[in-house]
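Only one structure is covered here, and it is reproduced in the block below.
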Amino acid sequence: MEKSIKGKAFVLGNNIDTDQIIPAEHLVYSLNDPKESQLYGRYALSGVPLSEAGLPGGNIPFIKGEETVSEYSIVIGGSNFGCGSSREHAPFALMKAGVKAVIAESYARIYYRNSVDGGFLIPYEAKEKLNNVISTNDEVEIIIDENMLINHTTKKEYSLNPLGDILPIIEAGNLFEYARKSGMIV
Amino acid sequence: MGMTITEKIFAKGAGKKSVVPGDNVWLNVDVLMTHDVCGPPTIGIWKKEFGDKAKIWDKQKLVIFPDHYIFTKNPHANRNVEILRAFAKEYDIPNYYDVGTERYKGVCHIALAEEGYNIPGTVLFGTDSHTCTSGAFGMFSTGVGNTDAAFILGTGKIWEKVPESLLFTFDGGLPKYITAKDLILRVLGDITTNGGTYRALEFNGDAIFSLSMDERMTLTNMAIEAGAMNGIIEADEVVENYVKERSSKEYELIKSDEEANYKAKYRYNANDFVPLVAKPHSPDNIDTVFNVKGRKLTKCYIGSCTGGKLSDFVSVAKFLFSNEVRVPTFIVPASTYVAEQLEVETISGVTLKNIFEKAGCVITQSSCAACLGGPMDTIGRAQDGEVIISTTNRNFPGRMGSKKAEVYLASPLTVAASALTGEITDPRDYM
């Protein structure tokens with residue numbers, strides 16, 4: 001596992017539901033086909049109303065034009081990130097767009113499980129409303145061992161909740177690797 | 001210390017004497033349900049992870065309902081159904097309900113009930129957030145993603161954290177203008193879309209046990225709109241009778257202990273309820289119908305696992321009898337059984353289907369249809385800046401199609417009354 005995750009922050013509001021992360025009409029593409037599955041990156045966060053995309057100012061597209069990978073690799077959300085449907089396509093789409101971690105005040109259960117069990121990205125819980133203090137385009141870094149977020153743009157540091165029970169699954173890679181390591185499956 | 005019904009089913013499913021909220025346990029799964037959107041990626045992960053050793057843990061316990069993107073020309077969506085069809089054939093899956101055949105059932109959550117897969121005291125997982133619907137049968141049911149489902153498919157097990165429970169007691173009786181949808185909207189307004197996160201919502205009280213199975217499923221269906229892991233109602237005689245008609249499987253009636261621990265308890269008097277709506281763009285943005293009365297509409301939508309059941313259409317038909325709708329109104333039966341019953345059930349000798357046709361409604365085939373937007377050619381899909389009132393369960397931005405559309409969620413009675421006027425209308429004005 002890497003020691004830190006570094007990148008540009010993309011900031012969103014509260015209750016970013018899975019239809020905003022990947023609208024239902026896009027759930028038809030193959031997740032296995034390397035080329036076709038890039039479409040999930042292309043449409044990641046395309047359901048977020050533009051005025052709410054890239055806070056505090058808004059009107060910042062997460063994906064530029066026809067690209068399939070975003071310049072932003074860390075998403076900062078508010079409360080109840082990933083609410084709504086059970087579609088695993090949501091954390092998958094963020095991963096395809098190049099997102100390595102999401103930091104939010106709280107998560108909807110199924111989205112949280114999907115992020116971890118599928119090994120798509122790390123869902124960190126913030127101890128405060130970081131989407132009010134971090135701006136889109138800030139250069140940020142997560143120090144994994146220390147559960148710490150550094151905002152290199154503003155020179156501020158924030159502590160994150162430890163990953164707790166899900167850490168072994170994240171360290172293993174995904175639920176299947178974890179189950180193999182612990183001898184549950186061969 | 002006592003346990004709630006949810007905790008008792010967890011203990012049973014995990015082979016333990018007792019559990020407490022916060023425990024992580026491995027549950028034995030009694031039924032795994034999937035559909036055309038999440039089935040193909042689940043199968044893909046299962047094949048990739050188990051490789052040559054990929055084996056379905058118990059074919060009888062796997063149930064597949066194509067239901068989401070069924071009546072569309074979208075080639076990718078049709079490919080998904082073909083993947084399910086090929087999988088069912090290759091592995092000889094007994095419980096596959098293929099579209100285009102007599103076995104096709106419609107929306108998975110209602111089909112699970114109708115086909116006898118909902119058994120009190122058991123554990124059911126599905127690749128759909130509204131899998132919590134089955135909790136109306138006194139069982140644990142919840143939604144998971146593709147990876148978790150693929151793990152269950154190969155092992156019959158999954159890890160889950162025992163949830164804290166919230167108890168919602170509804171005393172009294174329901175006034176005739178109030179339905180289960182009004183009750184659950186009130187709960188959502190009170191605890192918000194994350195008030196139930198990682199928790200169980202348990203419902204009881206005289207008003208709840210007076211409800212039909214159709215209505216109970218509306219309550220538990222929308223537990224997920226509060227972020228809950230599951231919604232649950234203890235099984236009683238109504239459940240037993242429903243189950244016995246559809247299944248010969250053994251069931252266990254599990255009840256919460258009197259001294260069980262709840263994170264919080266809420267108590268309501270159903271007699272006091274007034275019709276409610278969830279305004280755009282969240283199921284917890286609750287107001288009374290009275291306060292939003294007169295809002296001009298472009299479309300009315302009556303369907304889905306939460307608002308397209310037979311009892312929903314019976315109440316709607318009472319409004320539409322000998323009347324005409326003023327805006328395009330879509331009737332989307334949740335299941336093929338409900339669709340058939342529209343031609344059997346009558347009011348003053350006229351079938352529900354005839355009542356809807358004469359009123360000028362569009363009656364569609366059974367499927368999830370525009371509840372979740374879907375491919376561009378989905379019937380009833382929200383276009384541009386439409387203003388829609390709908391019996392469905394979710395109104396986040398873009399849920400029914402267009403991001404610009406405004407969707408109000410309400411009971412079938414409120415939607416039917418609104419269809420008659422073309423604006424949001426209080427059903428009490430027509431009763």
Side-chain angles (χ1 to χ4, degrees), chain A residues 14-20 23-33 36-37 39 46-50 52 79-92 105-120 165-166 169 174-180 184-186, chain B residues 24 26 37-38 40-42 44-45 48-50 53 68-69 74-80 126-131 142-151 154-155 157-159 161 163 192-194 197-198 224-225 227-229 281-282 372-376 378 394 396-399 401 403:
Chain A
N14 296 329
N15 296 311
I16 297 298
D17 77 291
T18 54
D19 272 291
Q20 294 184 63
E25 72 225 48
H26 299 302
L27 304 181
V28 294
Y29 316 129
S30 167
L31 290 93
N32 303 321
D33 183 86
E36 192 177 316
S37 64
L39 287 167
S46 66
V48 178
L50 196 56
E52 305 290 319
S79 62
N80 206 23
F81 191 92
C83 59
S85 90
S86 69
R87 66 192 69 159
E88 189 161 309
H89 311 67
F92 181 84
E105 199 186 350
S106 63
Y107 292 91
R109 166 185 160 267
I110 308 177
Y111 171 87
Y112 185 78
R113 287 183 71 101
N114 287 345
S115 299
V116 173
D117 286 356
F120 301 120
D165 293 343
I166 61 162
I169 302 176
N174 63 35
L175 177 64
F176 284 92
E177 293 303 330
Y178 168 78
R180 271 189 276 271
M184 271 195 75
I185 60 172
V186 285
Chain B
N24 279 310
W26 287 91
V37 171
C38 295
T42 296
I45 295 168
K48 175 173 158 262
E49 294 292 344
F50 290 102
K53 294 186 221 72
H68 275 59
Y69 303 159
N74 184 298
H76 289 118
N78 289 328
R79 182 184 60 189
N80 274 339
T127 60
D128 190 294
S129 65
H130 292 110
T131 303
T142 192
V144 285
N146 311 329
T147 299
D148 286 348
F151 195 88
T155 66
K157 290 178 192 300
I158 193 67
W159 71 272
K161 192 192 284 276
T192 78
T193 51
N194 63 0
T197 302
Y198 255 102
I224 182 62
E225 308 316 331
M229 185 186 290
H281 294 281
S282 181
L372 76 162
M376 293 303 168
T378 303
R394 194 171 277 164
F396 294 124
R399 165 73 179 179
K403 266 194 275 186

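Letters A, B, ... are given to chains in the order of the sequence lines, protein chains preceding strands, and every chain is numbered from 1.
- Of the listed residues B:N146, B:T193, B:T197, B:I45, the one with more heavy-atom pairs under 4.5 angstrom with chain A than any other is B:N146.
- By the 4.5 Å heavy-atom criterion applied to side chains, A:F81 and A:S106 are not counted as neighbours.
- Among the candidates A:N114, A:I110, A:V186, the residue making the largest number of heavy-atom pairs closer than 4.5 Å to chain B is A:I110.
- Residue contact with chain A, scored on non-hydrogen atoms closer than 4.5 Å, involves the side chain of B:T155 exclusively.
- For A:N15, the part sitting under 4.5 Å from any heavy atom of chain B is the side chain, from C-beta outward, and nothing else.
- Neither the backbone nor the side chain of A:S37 comes within contact range of chain B; no heavy atoms are under 4.5 Å apart.
- Using a 4.5 Å heavy-atom threshold, the side chains of A:V116 and A:P91 count as separate.
- A donor-acceptor pair under 3.5 Å is formed between the side chain of B:K403 and the backbone N or O of A:S46.
- If you measure heavy-atom distances from B:K157 to chain A, the contacts under 4.5 Å come from the side chain alone.
- Interface check for chain A: of the options B:L372, B:N74, B:T142, B:T378, the most heavy-atom pairs under 4.5 Å are formed by B:T142.
- Contact annotation for A:Y107: only backbone heavy atoms (N, CA, C, O) come within less than 4.5 Å of a heavy atom of chain B.
- The structure places CG of A:D117 at 7.0 Å from OG1 of B:T147, a figure rounded to the nearest 0.5 Å.
- In terms of heavy-atom pairs under 4.5 Å with chain B, the best-connected choice from A:N14, A:I185, A:T18 is A:I185.
- Looking at B:K161 and A:D165, a side-chain N of the basic residue comes within less than 4.0 Å of a carboxylate O on the acidic one, giving a salt bridge.
- Contact of A:L39 with chain B is not made at all, since no heavy-atom distance falls under 4.5 Å.
- Partners of A:Y29 according to the ring-ring contact (aromatic ring centres under 6.0 Å, His included) rule, which considers only residues two or more places apart in sequence or in another chain, are A:H26, A:Y40, B:H76.
- Interatomic distance, CZ of A:R113 versus CD1 of B:I158, reported as 5.0 Å (0.5 Å rounding).
- At a 4.5 Å heavy-atom cutoff, B:A149 makes no contact with chain A through either its backbone or its side chain.
- Between chain A and the options B:Y198, B:Y69, B:W159, heavy-atom pairs under 4.5 Å are most frequent for B:W159.
- Taking B:T42, B:T192, B:N78, B:D128 one by one and counting their heavy-atom pairs under 4.5 Å with chain A, the maximum is reached by B:D128.
- Among residues two or more places apart in sequence or in another chain, the ring-ring contact (aromatic ring centres under 6.0 Å, His included) test is passed with A:F176 by B:F50, B:F151.
- Considering only heavy-atom pairs separated by less than 4.5 Å from chain B, the leading option among A:V48, A:N32, A:L31, A:L175 is A:L175.
- The backbone N or O of B:G143 lies less than 3.5 Å from no partner atom in the side chain of B:S129, so there is not a single donor-acceptor pair.
- Looking only at heavy-atom pairs under 4.5 Å with chain B, the residue among A:R87, A:E36, A:Q20 that has the most is A:E36.
- Counting heavy atoms from C-beta outward, B:I224 and B:R394 have side chains that approach closer than 4.5 Å.
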